[in-house]
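Each chain gets a letter, A, B and so on, in the order the sequences are listed, and its residues count up from 1.
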There are 2 protein chains.
Amino acid sequence: MLHIVPDIDTSETLTERQKAVLDAALRLLVEEGDQLTMTAVARRASCSKETLYKWFGDRDGLLTATVQWQASKVRVAPVDAKGLDLASLTASLERFASDWLKVISSDTSIALNRVAVGHAGSGKDDLGAVVLENGRFALARRLKPVLEAGRHAGLLDFADAETAFRTFFGLVARDVQIRLLLGDRLELTEATIGGDAVRATQQFLALFGAKTGPQGL
Amino acid sequence: MLHIVPDIDTSETLTERQKAVLDAALRLLVEEGDQLTMTAVARRASCSKETLYKWFGDRDGLLTATVQWQASKVRVAPVDAKGLDLASLTASLERFASDWLKVISSDTSIALNRVAVGHAGSGKDDLGAVVLENGRFALARRLKPVLEAGRHAGLLDFADAETAFRTFFGLVARDVQIRLLLGDRLELTEATIGGDAVRATQQFLALFGAKTGPQGL
DNA sequence: GCCGAACCGTAACGTACGGTACGGCTTGCC
DNA sequence: GGCAAGCCGTACCGTACGTTACGGTTCGGC
């Protein structure tokens with residue numbers, strides 16, 4: 001989703017067949033959550049359990065490979081930061097907010113985050129780290145250059161890009177992710193997401209917009 | 001934690017022995033996460049498995065009772081809303097922010113939320129609903145009267161208390177909870193929490209403070 | 001056509017754990 | 001004292017599932 005870019009490490013020495021198996025595992029993970037069984041994955045993927053173990057080692061290996069496989073699919077197109085004015089900055093921020101809301105409200109993201117959260121307690125694997133790295137931290141890496149460019153163009157005023165990013169993150173996500181993870185029915189329509197993206201962006205600009213200029217509202 | 005109030009429904013027809021057993025289960029839940037076993041709980045609580053099943057029905061019943069038992073312990077003292085001025089409103093908001101950050105960064109909260117998130121997928125029980133009801137929604141119920149009082153006193157300006165609350169929630173929590181749930185090391189010291197509470201409150205007032213008066217910063 | 005590698009389907013194994021049964025001990029009541 | 005209730009400790013049962021083993025099939029290379 002969100003502008004798939006066939007990246008270099010997307011293949012990651014995975015054969016097409018292996019990708020298909022991981023897709024099956026992913027679909028099953030969305031449906032069943034963490035209580036999916038190796039037998040179910042094998043049946044869904046029309047492969048043998050022996051093959052699963054040969055390719056992925058054990059259950060945790062399969063889960064990790066599945067999460068990484070999904071992560072490799074959600075590379076978004078970078079936003080170029082040339083010719084930045086308030087309109088384009090606003091559009092970029094709204095775009096980031098909208099994309100992020102779509103991601104965290106998707107069935108796939110919810111399922112993956114649930115599994116990763118569940119595994120985070122017992123240091124058996126690093127699903128939490130993988131999800132975090134490809135979620136919140138990847139978002140920060142992509143957004144910070146935009147924020148820096150906005151500051152350089154005199155449109156934004158902040159001391160620390162990290163702090164500014166975290167505020168933006170909070171304004172966008174609010175209670176959405178934790179409510180969805182905890183099972184709250186919270187249907188985010190296209191319109192709702194769009195409105196929330198605009199609101200969050202306006203609030204962010206109100207807090208961090210440079211005072212030079214008619215920034216009254 | 002946070003000003004325990006011996007409430008009416010705290011007992012909830014639980015004997016002292018049962019409370020002790022649930023405390024043991026809670027401690028084990030923090031240590032082991034969702035893979036705690038009934039045998040381990042019985043051993044830790046020095047009771048028999050037969051007793052666990054008699055009292056709580058099955059494993060899910062024990063988990064639910066444990067979560068509810070913890071929830072019954074975190075009733076906070078309500079903030080009175082008389083004689084409200086900007087200083088006391090600011091203090092109240094900072095207090096809410098600080099308390100909430102302490103809650104979501106506590107080992108107990110993290111463990112409970114992890115278990116609830118893990119169970120949210122399969123409609124076996126309603127741990128997610130319980131956690132949500134005693135967490136995010138309880139916070140809203142307590143904070144909204146303060147916001148309404150602030151608006152009535154001419155200190156705040158917002159159309160919808162729910163929307164205002166969610167923005168405050170986002171400004172306070174930001175990425176903290178999801179990072180902690182996913183296993184990110186993120187040590188929140190007393191000082192950090194205090195600073196974040198002040199920052200979030202100032203940002204909230206900048207967004208929703210009434211324009212009448214010297215509200216320039 | 002033959003061989004080996006890879007893989008499918010399925011059966012089998014071992015174990016961990018939820019749930020149950022039971023003997024023994026304490027406690028309160030007659 | 002006798003008795004019943006409640007509970008502890010432990011042994012036990014059944015099952016689900018991770019993991020392994022194996023026979024049968026496909027397929028590329030010679």
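The heavy-atom pair separating A:His119 from A:Asp34 by the smallest distance is NE2-OD2, 2.9 Å.
Put simply, CG on A:Leu62 is 14 Å from C1' on D:dC17, counting in whole angstrom units. Between the P atom of D:dT19 and the CZ atom of A:Phe56 lies a distance of 14 Å, rounded to the nearest Å.
Here the options are B:Trp100, B:Phe96, B:Phe204, the test is ring pair (Phe, Tyr, Trp, His ring centres under 6.0 Å), and the partner is B:Phe168; only B:Phe204 passes.
Taking the side-chain hydrogen bond (donor to acceptor under 3.5 Å, both in side chains) definition, one finds that B:Glu148 meets it with B:Arg151, sequence neighbours left out. In terms of the side-chain hydrogen bond (donor to acceptor under 3.5 Å, both in side chains) criterion, A:Glu50 has no residue partners (sequence neighbours excluded). Shown here are the side-chain hydrogen bond (donor to acceptor under 3.5 Å, both in side chains) partners of A:Asp107, two or more places apart in sequence or in another chain: there are none.
Electrostatic pairing of A:Asp184 and B:Arg136 does not count as a salt bridge here, judged by no charged N lying under 4.0 Å from a carboxylate O.
Residues in residues 185-194 of chain B take part in these salt bridge (charged side-chain N to carboxylate O under 4.0 Å, His left out) pairs, two or more places apart or across chains: B:Lys102-B:Glu190.
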In dot-bracket notation, what is the pairing pattern of DNA chain D, taking Watson-Crick (N1-N3 plus N6-O4 or O6-N4) and G-U wobble (N1-O2 and O6-N3) contacts under 3.5 Å, with [ ] crossing and | for other strands?
||||||||||||||||||||||||||||||
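A donor-acceptor pair under 3.5 Å links the side-chain atoms of A:Ser106 to the main chain of A:Val103, judged by distance alone.
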Heavy-atom protein contacts under 4.0 Å, nucleotides 7-18 of chain C, coded B base, S sugar-phosphate only, - none:
SBB-B-----SS
